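Shown next, in structure tokens, is the structure this report addresses.
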Amino acid sequence: MILAIGQENAFPWIERDLGIEFDKWDVPAVDKVTFQSTRPGVFFGGDAAFGPKNIIWAVEQGHQAAISIHRHCQGEPVADRLPPGVNLQSRKMGMHEWSYANDYAPVERRLMPHVSLKERFKKLNIEVELGFTAEQAAQEVQRCLNCDVQTVFEAKLCIECDACIDICPVDCLTITENGEEADLRSRLKAPAKNLTQPLYVSVRAQADRARDGEGRGHLRALWALRRALPDSRVGHAEVQRPLASRRRRRARHRGEEAAHRVARPLNNSQLAEASHVTDDDSKINDFAIKIATVNGTGSASANTLLMKSIFRSGIPVMGKNYFPSNIQGLPTWYEIRVTKQGYVARSGQVDIMVAMNAETYARDVKEVAPGGYPHLRLDVAASLRC
Amino acid sequence: MPLAKLCNENFNGVRTRILMKNICYAGVLAALLDLDLEQIRSLLAETYAKKPQLVDSNMKAIQLGYDYAKQNFSSARCRSSSRSRKMSKTAGHIMIDGNTAAALGCVYAGATVAAWYPITPSTSVMDAFKAFCDRLRVDPETGRKNFAFIQAEDELAAIGMTIGAMWNGARAFTATSGPGISLMSEFIGLAYYAEVPAVIFDIQRVGPSTGMPTRTQQCDVLAAAYASHGDTRHVCLFPSNPEECFYMAVQAFDLAERLQTPVFVLSDLDIGMNDWMCRDLKWDDGYRPDRGKVLGKEEIEKLEKFHRYLDKDGDGIPYRTLPGVHPKGAYFTRGSGHSQYGTYTEDSDRVSDRAGSPAAQVGDGEEARAARDHRCHGGQRHRPRVDSAAAMARSTKPWMCSRRRACA
């Protein structure tokens, strides 16, 4: 595998009699689906394949090429691809969570270092861009380009505000009257070329019934979601990113803030290493739990439930809530301290951390008491995608 | 621990999933700490008594977390050494936060008027008071509410209403925090000088100005003690836990009406908003509110003329009347410098002319010396506050000795 990070395509090092065909611009002919060249076993992706586009395309092409390579190695037909599938995961961001993540980051942009003009005049064909320094590269790779947004549509919550229609970059959503498939297809904003591919249709009955005064029979199709296939992306070469995701991209540029630099949760073997559990009785009814969550997610109920069930088991307990201020979406912490003696002050040490907030995860995990008493450092971390 | 995955598989709807994810970790902790699931179940049933369908979904989430944790984290290497074991140390105790306890105290003290402006962390005092009143102060037959509960347009209006209500003979209070005390200052001075009782709860937070609304501090002590401008000093009560919030709330009303002056209860965010384990609150049903020196209709009738600021008993506390009781009881409530007879004066002699008051005289006479060497009933020596002529009018106020009783 050759990673060629260059400025323009040039393949002087490929002999022209290998069976790799080149087109009129002297770039290899590459299959659009498999990314294989005319010589089996040789694949191209990124700038080298179809000319410069953006990184997301390069990543996707690399992905597709990897699938092809795998199939090639397995001796299977390279052009065979799995049928497209949709696996929707809910991601709800509260208003404040979203707006914080989308804040414009006024950090210094990392400029590509260039060779000085003096040098450039001396040697006209010198490679001008020097590449990022190690430090810059480390910051650059932390940028998330956020090509993963997966919205969830719930029929009963829809108010037909058209926001999804406005923001969709590929026009795959349509709000229209219901009808039979053929009829419906004629009214899609961007009709599908592949008719064997199903339309996702969601129907909203309630409000319409109220409006039209008709019985159950009259339903309106709400969304006809046409899944974007590779062939339909032709013509969208420079996809206009929706404003929201551009802002999110910029937000990720923040260098120092740990908000998006997230530690990975420990897996079971790491946990096993970390813990030295004995049957030491010293921590029976003598420990502190700290729960880090996001305000407005129902954590207060859960915390109170926990604390009261400890209290009703006859064990002295106290709970203290810490929150920056009572605005939804911001982090909040709840500390439950259990002691035989009924102390009400903070213990200054956290034995169990329930880390539910991705934003504060890195800092929360550090708070757990190291060594000292044998204890279990358990990261009860939620999946970061939800 | 794949909480999100567990919840996404078992619940629908974005909001439900988020809520259940949090309840789920409660189940996980229950498993790790050996908590009793039955306790949790009965707690849920109580909490959602009005919405039983929530009990099921919450219990399901708890069970999911519990089962997963038991299956995956119960090996010897993963077991937590932090564990719980049933005890019986909570018998005779309750879990309560200070603001709820204070509100309960107000109810037991017989408060009927509550005026306030919302501010963290004191709003929950009022919310709790309203909840208690809705339960306890509504006539079961007529549905008539026996309380007045007013959210004012700002703190100034809130304290104004409180003072007005107390002046009128009701037991009234307001709850606020540091910034509110600042805003209420002038009114507090008026209540002090015109000798009108008031009860103010200051649930302190980090100041100054907006400060940190959700962090605790005890920074208003001086501000409350000297609230308002000029020569003021107030009675302050300092609860150190929710239990004391309850008892001191009741005491505050008694003191305010006995001394005819504003009384501050200085709690804080940590006491007020967090649940503490406290002993069961005790109440003596024989309690009778101390309304202080208030003249009834017959007593006013016997008077030739009523003077609101006349220190008859020489204890520094005049008698007051309530409006509407008797026409002869009417008086001018004065915030400006006044004599015992309620007339405006800047004349120090007239101001100091309070019959029988040991602390009133200036000069070298025997009485003056007696005033300076005044000893209270506890035998403790203390100086009356006689700094200036203007202060004379107020110098008949009893000095608060350690027993918090008016000194004769």
Side-chain angles (χ1 to χ4, degrees), chain A residues 89-90 92 152 154 265 268 271-272 275 277-278 280 283-287 289 291 293 297-299 301-326 338 340 342 344 351-352 354 356 373-376 378-383 385-386, chain B residues 1-5 7-8 12-15 17-26 28-30 32-33 35-36 39-40 42-44 47 58 62 69 72-73 75-91 93 95 120 212-215 241 270 273-277:
Chain A
Q89 281 270 349
S90 26
K92 183 187 182 201
V152 171
E154 218 175 307
N268 273 345
L271 278 174
S275 69
V277 178
T278 65
D280 178 1
K283 296 216 73 71
I284 300 232
N285 289 342
D286 189 6
F287 53 86
I289 310 169
I291 301 155
T293 54
T297 55
S299 51
S301 324
N303 298 332
T304 318
L305 186 69
L306 211 48
M307 193 180 58
K308 287 189 178 167
S309 55
I310 296 174
F311 179 74
R312 290 199 186 184
S313 303
I315 310 166
V317 65
M318 72 80 156
K320 291 205 193 294
N321 198 5
Y322 309 103
F323 47 103
S325 57
N326 215 14
V338 175
K340 302 181 198 72
V344 291
D351 299 300
I352 299 181
V354 181
M356 303 284 291
Y373 288 131
H375 68 276
L376 176 70
L378 177 72
D379 304 345
V380 186
S383 152
R385 288 285 293 264
C386 183
Chain B
M1 162 108 205
L3 288 170
K5 187 155 156 287
C7 290
N8 287 355
N12 284 320
V14 173
R15 180 101 187 112
R17 283 173 178 175
I18 292 179
L19 293 172
M20 292 306 139
K21 198 163 56 114
N22 283 313
I23 300 287
C24 205
Y25 72 64
V28 173
L29 286 171
L32 292 174
L33 302 170
L35 289 177
D36 186 359
Q39 285 292 8
I40 298 183
S42 62
L43 263 172
L44 276 177
T47 317
N58 276 290
I62 298 245
N72 295 281
F73 297 122
S75 74
R77 282 185 302 179
C78 287
R79 220 181 53 229
S80 170
S81 55
S82 298
R83 277 200 305 291
S84 75
R85 195 180 284 162
K86 268 207 161 81
M87 291 175 81
S88 48
K89 281 201 114 180
T90 58
H93 288 73
M95 294 230 57
T120 305
M212 292 190 244
T214 56
R215 304 291 179 183
N241 54 49
D270 184 36
M273 288 189 70
N274 286 316
D275 285 325
W276 293 42
M277 197 173 91

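Chain identifiers are assigned alphabetically (A, B, ...) following the order of the sequence lines, protein sequences preceding nucleic acid strands; residue numbering begins at 1 within each chain. Source: prediction; values computed, not measured.
How far CZ of Phe311(A) is from OG1 of Thr304(A): 13.5 Å, rounded to the nearest 0.5 Å. Atom OH in Tyr322(A) sits 7.0 Å away from atom CG in Asn274(B) (nearest 0.5 Å). The CG atom of Leu32(B) sits 10.0 Å away from atom CZ of Phe287(A), with the distance rounded to the nearest 0.5 Å. Taken to the nearest 0.5 Å, the CE atom of Met95(B) stands 11.5 Å off from the CZ atom of Arg312(A).
Using a 4.5 Å cut-off between heavy atoms, Leu35(B) contacts chain A through its side chain alone, with no backbone atom that close. Of the atoms belonging to Ile62(B), it is side-chain heavy atoms, and not backbone ones, that fall under 4.5 Å from chain A. Only the side chain of Val344(A) comes within contact range of chain B, with at least one heavy atom under 4.5 Å from a heavy atom of that chain. Both the backbone and the side chain of Ser299(A) come within contact range of chain B, with heavy atoms under 4.5 Å apart.
Residues satisfying the side chain to side chain donor-acceptor pair (under 3.5 Å) test with Ser84(B), not counting sequence neighbours, are none.
Chosen from Ala302(A), Gly342(A), Ser301(A), the residue pairing most often with chain B at heavy-atom distances under 4.5 Å is Ala302(A). Note: Leu305(A) leads Asn321(A), Ile289(A), Thr293(A), Leu305(A) in heavy-atom pairs under 4.5 Å with chain B. With chain B as the partner, the residue from Asn303(A), Leu306(A), Ile315(A) showing the most heavy-atom pairs under 4.5 Å is Ile315(A). Of all the listed residues (Arg215(B), His93(B), Met273(B)), the one sharing the greatest number of non-hydrogen pairs under 4.5 Å with chain A is Arg215(B).
Contact between Met277(B) and Pro316(A) at its shortest, heavy atoms only, is SD-CA, 3.5 Å.
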